[in-house]
Amino acid sequence: MLDAHTRSGGTATAAPPAAATELLLPVPVAPVPALATANAAPAAAVARWARVLLSPWSRFSLLVALLAAAGASVLLFEPQRLLADGWPPQLGGASAAVVFAVAYGLCTVAFVPRPLLNLAAGALFGSQLGLGAALAGTVLGAGFAFGLGRVLGQDALRPLLRGRLLTAADGQLSRHGMRSMLAARLFPGLPFWGVNYCAAISRMGWVPFLLATALGSIPNTAAYVVAGAQASAPTSPAFLIALAGIALPMVAAAVLTWRKRHHLRGRKTR
């Protein structure tokens, strides 16, 4: 602006510029909310506990606890009473076979021997329906055990596969899953639950595991189911054929095992 002296014809004088320090405005610093700092510690504790609970050994401990509880429940409820007491009378036909198949699968996870369940399937439902229920229960039980072992036990147990035999078995199951599992199901004497959990620890896929289980379990399952269905006529040809189907694979497996052990022992002495 021009002052009065300028308007009257004098020289114009410019006002001095404002100092730089006068143009800087103080910026207020917002205080950290107390609620944020209070929530940080619980969030960190929750994350730490989540890592501990989801760790491989925590999951493996959960698997052991579940299997121990399943075994204890078998001892308490005694599923072998099905052979003596029969199936609940309110269930019958296909619906009863479906319920039996589910119960069959859960019982195999709880270490109930499959021969006992197969005999019960034949005694309760006959040869055809009993075979279908037993095979369905076999696949369901294998799938249950495989899933539990894969989710809860694989990460903890795979680092322990360092021995020569364990490494060879893991490689065989991982690379030749279908063929190896089919041989394991056909070979009598191998525990059903043990094969399931060994396969779960390996890198075998779901499809070859379940398909080999279904196909490899047919001969042994059919022999026991027919034996259970024909138990009231122990001199019938069907019952005698079923007994032969049970006994001959066991004898063949025993001879094969003896020859293999004798061959290995002979190689060591050379």
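Note that these values count all heavy atoms, side chains included, but never hydrogens, waters or copies made by symmetry. Remember, predicted model here, so these are calculated numbers, not experimental data.
- Put simply, the side chain of Leu186 reaches to within 4.5 Å of the side chain of Pro219, judged on heavy atoms.
- To the nearest 0.5 Å, the span separating CG on Leu129 from CG on Leu124 amounts to 10.0 Å.
- Contact between Val225 and Ala134 at its shortest, heavy atoms only, is CG2-CB, 4.0 Å.
- From Arg175, atom CZ reaches atom CE of Met204 across 12.0 Å, with rounding to the nearest 0.5 Å.
- Under the 4.5 Å side-chain contact rule for hydrophobic residues, Leu211 and Phe209 do not share a cluster.
- Note: Phe125 and Phe100 have perpendicular aromatic rings, judged against thresholds of 30 and 60 degrees for the angle between ring planes.
- In this structure, a donor-acceptor pair under 3.5 Å is present between the side chains of Thr221 and Arg114.
- Side-chain atoms of Phe192 and Thr138, non-hydrogen and from C-beta on, do get closer than 4.5 Å to each other.
- By the criterion of side-chain heavy atoms lying less than 4.5 angstrom apart, applied directly or through intervening Ile, Leu, Val, Met, Phe, Trp or Tyr residues, Leu63 is grouped together with Val151 in one hydrophobic cluster.
- For the residue pair Pro249 and Ile246, the shortest heavy atom distance occurs at CD-O, 3.7 Å.
- Judged purely by atom type and a 3.5 angstrom limit, Arg203 has no side-chain atom pairing as donor or acceptor with the backbone of Ser174.
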Practice problem: I would like to know whether Thr108 and Leu117 meet side-chain contact (heavy atoms from CB on, under 4.5 Å); could you show each step before the answer? | Solution: CA-CA 9 Å; Thr108 58; Leu117 298 171; 3.8 Å; yes
Practice problem: Just do the side-chain contact (heavy atoms from CB on, under 4.5 Å) check on Leu66 and Leu152 with the steps written out, would you? | Solution: CA-CA 10 Å; Leu66 290 175; Leu152 300 179; 4.1 Å; yes
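- For the pair Met178/Leu215, a side-chain contact is recorded, criterion being any heavy-atom separation below 4.5 Å from C-beta on.
- Residues Val109 and Leu148 form a side-chain contact, since some pair of their non-hydrogen atoms from C-beta on lies under 4.5 Å apart.
- Follow the hydrophobic side-chain contacts under 4.5 Å out from Leu190 and you reach Phe146 in the same cluster.
- Scanning both residues, Asn196 and Gly141, for their nearest heavy atoms gives ND2-O, 4.4 Å.
- The structure places CG of Leu135 at 8.0 Å from CG of Asn118, a figure rounded to the nearest 0.5 Å.
- One finds the CG atom of Leu210 at 9.5 Å from the CG atom of Leu140 (value rounded to the nearest 0.5 Å).
- No donor-acceptor pair under 3.5 Å is formed between the side chain of Ser217 and the backbone N or O of Ala214.
- Counting only distance, with no hydrogens or angles, the side chain of Ser236 and the backbone of Ala233 share a donor-acceptor pair below 3.5 Å.
- Between the Arg59 side chain and the Gly153 main chain, no donor and acceptor come within less than 3.5 Å of each other.
- Ala199 and Ser202 get closest at one heavy-atom pair: O-OG, 2.7 Å.
- A donor-acceptor contact under 3.5 angstrom links the side chains of Thr213 and Arg185, judged on distance only.
- For the pair Arg179 and Gln172, the minimum side-chain heavy-atom distance is below 4.5 Å.
- Connection of Phe239 to Leu116 is not established within any shared hydrophobic cluster, with ILVMFWY side chains joined at heavy-atom distances below 4.5 Å, either directly or through further cluster members.
- Taking every heavy atom of both residues into account, Ala101 and Ala136 meet most closely at CB-CB, 4.0 Å.
- Taking each heavy atom of Ala242 and Ala223 in turn, the nearest pair found is CB-O, 3.3 Å.
- Note on Leu106: it clusters hydrophobically with Tyr197, by side-chain heavy-atom contacts below 4.5 Å among ILVMFWY residues.
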